[in-house]
Structure formats: C-alpha cells, structure tokens
Enquirer: 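Just dropping this structure here.
In each ligand, atom 1 is the first atom listed, and ligand 1 is the first ligand listed.
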Amino acid sequence: MNNNKIYTLAIESSCDDTSAAVLLNDKVLSNVVAGQPIHEQYGGVVPELASRAHQQNIVPVVDVALKKAGITKEQLNCIAFTQGPGLMGSLLVGGSFAKSMSMALEIPLIAINHMKAHILAHFIDEEGYDKPEFPFLALTISGGHTQIVQVNSFFDMKIIGETTDDAVGEAFDKSAKILGLPYPGGPLIDKYANEGNPKAFPFTKPKVDGLNFSFSGLKTQILYFVQKQVKENPNFIEENRNDICASIQHTIINILMDKLTKAVEETGINRIAIGGGVSANSGIRKTLKEAENKYGWKTHIPKFEYTTDNAAMIGIVGYYNYLEQNFSEANVVSKARIEF
Ligand code: KG4
Ligand code: ZN
C-alpha cells in the first residue's frame, strides 16, 4: 500500500446539500456541493423532498468531483461518507452510494460522524491557513447543531456544552421568519444587522446552567416583542428592520461568547475553532477575531466553503482514519442520531 499518495472520495448527504469531494492526502482537489432550492418555498427542509433530490444529484455530483480532481475512480484508495447525524432518508442515499462504490472498486469504506467532521475541517491543508493546535475548543454552530467540544486529538474529543432546545441557526432562521424574511433567514439578519444599532432593543439572555445553551426562549421573546410593537405601529418591522436584526444578532453573539468565555475559564484552553454554517456570520467572525486581542485567545475561522455542510470535511476525517486503518464493514448502518 502506497501511503504517500492517498486519494479519498468523500460523500456528504446528511441534510439538504448533496456533496462529493476528492482529497489527495489532506489537500482538497475538488469539493462539489449541490444545494436544494426546492425547500425555500416551504420555509424549511422537507425530508422527503431532500431525499429525492439527493437521489437525483448524487451521481452527477460524484462525477463532477472526480473530473474536477482530474482522476479516475480506479485511482481512489478509499470512500468516506457521512453516517450521521442527519435526516435518515438523506443519509441513506449517500450511504448506499458509498457502499456500492466501495464494493465495486474493492476499496475500504469509512463511516464518518458529521459533527466531528465539522470540527476536523480545520485540518484540511490550505495555503496560509493556520491549523489549531491540540487541545482546542470547537464551537460548532449551524442550523442543526450548537456544541462546544473539547478536542484533545483527531480521535479524542468530548462535548462539554450543547443546546437544550433550538440550534443557533434555528434561532436566526425563526427570528427572520417572525420578521417576514425568507428561509434561510440567517444571512439576511446578518446583512441588515450591519446597518443597525445592536443596542436598540435589548433582549434578555436565557439562564442556562453550565456550558449548555438555550435559544427557544429568545425566539418567543422576539415574537411577543414584535407582535406588541406591530399592534401599536403596523409599520414597526419595516421602519426598524436593521435595528431589530442588529439587536437579535447582538444577543445571540453575547450568548455564544458568555459560554465560550466560561469554557475557556473551566478548561484553561484558549484556542478556539469555529465551524458550521452560522460561522459565516460577520458579527461572530468579527467578535472572535477581536477576542484575540481582548482576551488573548487564538481563534481559527476556516474558509467559508468548509464551514457549511460539505464533503471535503468528511474527506479529511476519512483520510486520517485511513492512515489508522479504521475501516467500516459493508453492513454499517446510517444513523439519524449517533453517539459522539
Ligand atoms: O451548516 P449549515 O449549512 O447546515 C446545517 O444546518 O447543518 O448551516 C445552515 C445555517 C442556517 O440556519 C443559516 O441561516 C445559517 O446557517 N447561516 C447564517 C449565516 N449564514 C448561514 N446565520 C447567521 N449569519 C449568517 N451569515
Ligand atoms: Zn452540518
């Protein structure tokens, strides 16, 4: 076996993005993502439609990923795929495809935990990108997850804080919905927040023990606040959109920063790496960058394409597992919920 040149094909299909990537060792040769605009009109991901769209997308997406990488499938050394967590119907499409391909090509199959992949995306080799040193704290924030994870090595990590209800991305998207903005509303809140006053409408932060989060109370608070204001002034949202968005974003960032600060205090680890779609948020990026000077933290913010759901992050974990010969059996099952 030639360990100097390992080609990994990775497949990610946990939610509403069909993605395939090819890596040569820890470098990404291609990372193709096909989104599913069909869900926009429903204001959220419809599992049955997601599964069907994955079935339509998977073959062309893998084909393009191989072509972009400039290799043939016969050159592949292993196939990594997302085992879970995610939507069952979506996971099954990527999982079945990966299994068939590994059997046909007679190469190892490697099942990957999607949440660990969001964290280890930081180890994709990119020119100019400073990889985090172990141990570090990972803040994983997306539409489906909100976690603080202590990462001791590639294979040793533990969740030290997580949401007890909504994920932070849901807090953004549900708040946006209250304001009449289309799904997913997170990026729009970010955009309007840049023009607004973050202190215009002070929302209260939830009281949650330890390093855990809660976002459902904030959503209810925003709903009641907006309903009350609109009763008094039907144009309240239009007239104050930027300030409302800035205030919501400010509150969410404060909630995240409070818990991160506490996690740094408790663990004594001040290296922070973020991942997940919400880490695209300009306010969060700015606040974390400022924390380097303000608190002496070292913060790691990956390239945007590696923060949202993508197969390259599955590929990097696949590659490290390949080096350890951590292979999966052909009967490995996809799991909507999966132990960390
Ligand atoms: O990781 P991701 O692409 O998919 C999963 O949920 O796994 O994350 C999508 C989430 C959505 O909730 C979206 O509104 C949010 O990330 N998001 C943002 C921004 N860009 C994406 N939230 C706030 N500000 C942004 N700029
Ligand atoms: Zn994700």
Enquirer: Can an N or O of Asp190 be found at a distance shorter than 3.5 Å from an N or O of ligand 1?
Expert: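 Yes: some nitrogen or oxygen of Asp190 is under 3.5 Å from one in ligand 1.
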Enquirer: Quick check on contacts: which atoms of ligand 1 are under 4.0 angstrom from a heavy atom of His145?
Expert: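 Atoms satisfying the 4.0 Å criterion: 7 (O).
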Enquirer: Looking at Pro135, is its backbone amide N or carbonyl O close enough to the side chain of Arg271 to form a donor-acceptor pair, meaning the two atoms are under 3.5 Å apart?
Expert: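 Such a contact is found between Arg271 side chain and Pro135 backbone.
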Enquirer: Do the side chain of Lys259 and the main chain of Gly210 share a donor and acceptor less than 3.5 angstrom apart?
Expert: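 Flag set: sc Lys259 to bb Gly210 pair under 3.5 Å.
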Enquirer: Establish, for the pair Lys303 and Tyr129, whether the NZ or CZ atom is under 6.0 angstrom from the six-membered ring centre and no further than 45 degrees off its axis.
Expert: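 No, Lys303 and Tyr129 do not form such a contact.
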Enquirer: Using a 3.5 Å distance criterion without hydrogens, assess whether the side chain of Ser328 forms a donor-acceptor pair with backbone atoms of Ala111.
Expert: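 Flag set: sc Ser328 to bb Ala111 pair under 3.5 Å.
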Enquirer: Hey, which atoms in ligand 1 end up nearer than 4.0 Å to a heavy atom of Gly169?
Expert: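 Answer for ligand 1: 12 (O).
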Enquirer: Which atoms of ligand 1 sit under 4.0 Å from any heavy atom of Gly144?
Expert: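 Close to Gly144: 6 (O).
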Enquirer: If you measure from CG on Leu23 to CD1 on Ile124, what distance do you get to the nearest 0.5 Å?
Expert: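 If I round to the nearest 0.5 Å, the distance is 6.5 Å.
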Enquirer: Find all atoms of ligand 1 within a distance of less than 4.0 Å from any non-hydrogen atom belonging to Gly143, and give their numbers and elements.
Expert: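 So the atoms of ligand 1 that pass are 5 (C), 6 (O), 8 (O), 9 (C), 10 (C), 12 (O).
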Enquirer: Heavy atoms only: which of Ile252, Asn281, Leu188 is nearest to atom 25 (C) of ligand 1?
Expert: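 Considering heavy atoms of Ile252, Asn281, Leu188, the nearest to atom 25 (C) of ligand 1 sits in Asn281.
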Enquirer: Quick check: Gly185 and ligand 1, any N/O pair under 3.5 Å apart?
Expert: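 N/O-N/O distance below 3.5 Å does not exist for this pair.
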Enquirer: With a 4.0 Å heavy-atom cut-off (strictly under), which part of Asp173 contacts ligand 1: side chain, backbone, both or neither?
Expert: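 Looking at Asp173 and ligand 1, just side chain atoms fall under 4.0 Å.
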Enquirer: For the pair Asp258 and Lys262, find out whether any cationic side-chain nitrogen is under 4.0 Å from an anionic carboxylate oxygen.
Expert: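 Result for this pair is no, no salt bridge flagged.
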Enquirer: Are any of the N/O atoms in Gly276 less than 3.5 Å from those in ligand 1?
Expert: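 No.
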Enquirer: For ligand 1, which atoms have a heavy atom of Ala280 less than 4.0 angstrom away?
Expert: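 Taking each heavy atom of Ala280 in turn, ligand 1 has 20 (N), 26 (N) under 4.0 Å.
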Enquirer: Using atom types as modelled and distance alone, determine if a side-chain donor or acceptor of Gln221 lies under 3.5 Å from a backbone N or O of Thr204.
Expert: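 Yes: the side chain of Gln221 pairs with the backbone of Thr204.
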Enquirer: How far is atom 8 (O) of ligand 1 from its nearest protein heavy atom, and which residue and atom name does that atom have?
Expert: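 Nearest neighbour among protein heavy atoms for atom 8 (O) of ligand 1, to 0.1 Å: Gly277 CA, 3.4 Å.
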Enquirer: Would you mind checking which non-hydrogen protein atom is closest to atom 15 (C) of ligand 1, with the distance to 0.1 Å?
Expert: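 Among all protein heavy atoms, the one nearest atom 15 (C) of ligand 1 is Val278 CG2, 3.8 Å.
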Enquirer: Using the rule that Ile, Leu, Val, Met, Phe, Trp and Tyr join whenever any side-chain heavy atoms are under 4.5 Å apart, tell me whether Met257 and Ile248 fall into a single cluster.
Expert: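 The answer is yes; both residues are in one hydrophobic cluster.
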Enquirer: Backbone or side chain, does any N or O of Thr308 fall under 3.5 Å from an N or O of ligand 1?
Expert: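 The answer is no, given that Thr308 and ligand 1 share no N or O pair closer than 3.5 Å.
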Enquirer: Would you say Glu170 has any N or O atom under 3.5 Å from an N or O of ligand 1, going by distance alone?
Expert: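 Looking only at distances, the answer is no, because the N/O contact criterion of under 3.5 Å is not met.
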Enquirer: Provide the full list of side-chain hydrogen bond (donor to acceptor under 3.5 Å, both in side chains) pairs with a residue in residues 138-147, sequence neighbours left out, each pair given once.
Expert: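 Sorted result for residues 138-147: Ser142-His145.
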Enquirer: Please answer: with hydrophobic residues joined when any side-chain heavy atoms are less than 4.5 Å apart, are Leu105 and Leu109 in the same cluster?
Expert: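 Yes, same cluster.
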Enquirer: Of the side chain and backbone of Asp309, name the one, both, or neither that has a heavy atom under 4.0 Å from an atom of ligand 1.
Expert: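 It is both parts that get close, each with some atom under 4.0 Å.
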Enquirer: Check contact between Pro187 and ligand 1, using heavy atoms of the residue and a distance below 4.0 angstrom.
Expert: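 It does; at least one heavy atom falls under 4.0 Å.
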Enquirer: Only one of His122, Lys131, Glu126 forms a side-chain contact (heavy atoms from CB on, under 4.5 Å) with Pro302, so which one is it?
Expert: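 Checked His122, Lys131, Glu126 against Pro302; only one passes side-chain contact (heavy atoms from CB on, under 4.5 Å): His122.
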Enquirer: Looking at the Zn ion (ligand 2), which N/O/S atom of His114 is the nearest one?
Expert: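 Nearest N/O/S atom: NE2.
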Enquirer: Is the ring centre of Tyr192 less than 6.0 Å from the ring centre of Phe172?
Expert: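 Not under 6.0 Å, so no.
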Enquirer: Look only at interatomic distance and state if Pro184 has a nitrogen or oxygen under 3.5 Å from any nitrogen or oxygen of ligand 1.
Expert: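 No: no nitrogen or oxygen of Pro184 is under 3.5 Å from one in ligand 1.
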Enquirer: Restricting to N, O or S, what is the name of the atom of Asp309 that lies nearest the Zn ion (ligand 2)?
Expert: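 Atom name returned: OD1.
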Enquirer: Just go through Gly283, Gly275, Gly186, Ser282 and tell me whose heavy atom is the nearest to atom 18 (C) of ligand 1.
Expert: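 Going through Gly283, Gly275, Gly186, Ser282 one by one, Gly186 has the nearest heavy atom to atom 18 (C) of ligand 1.
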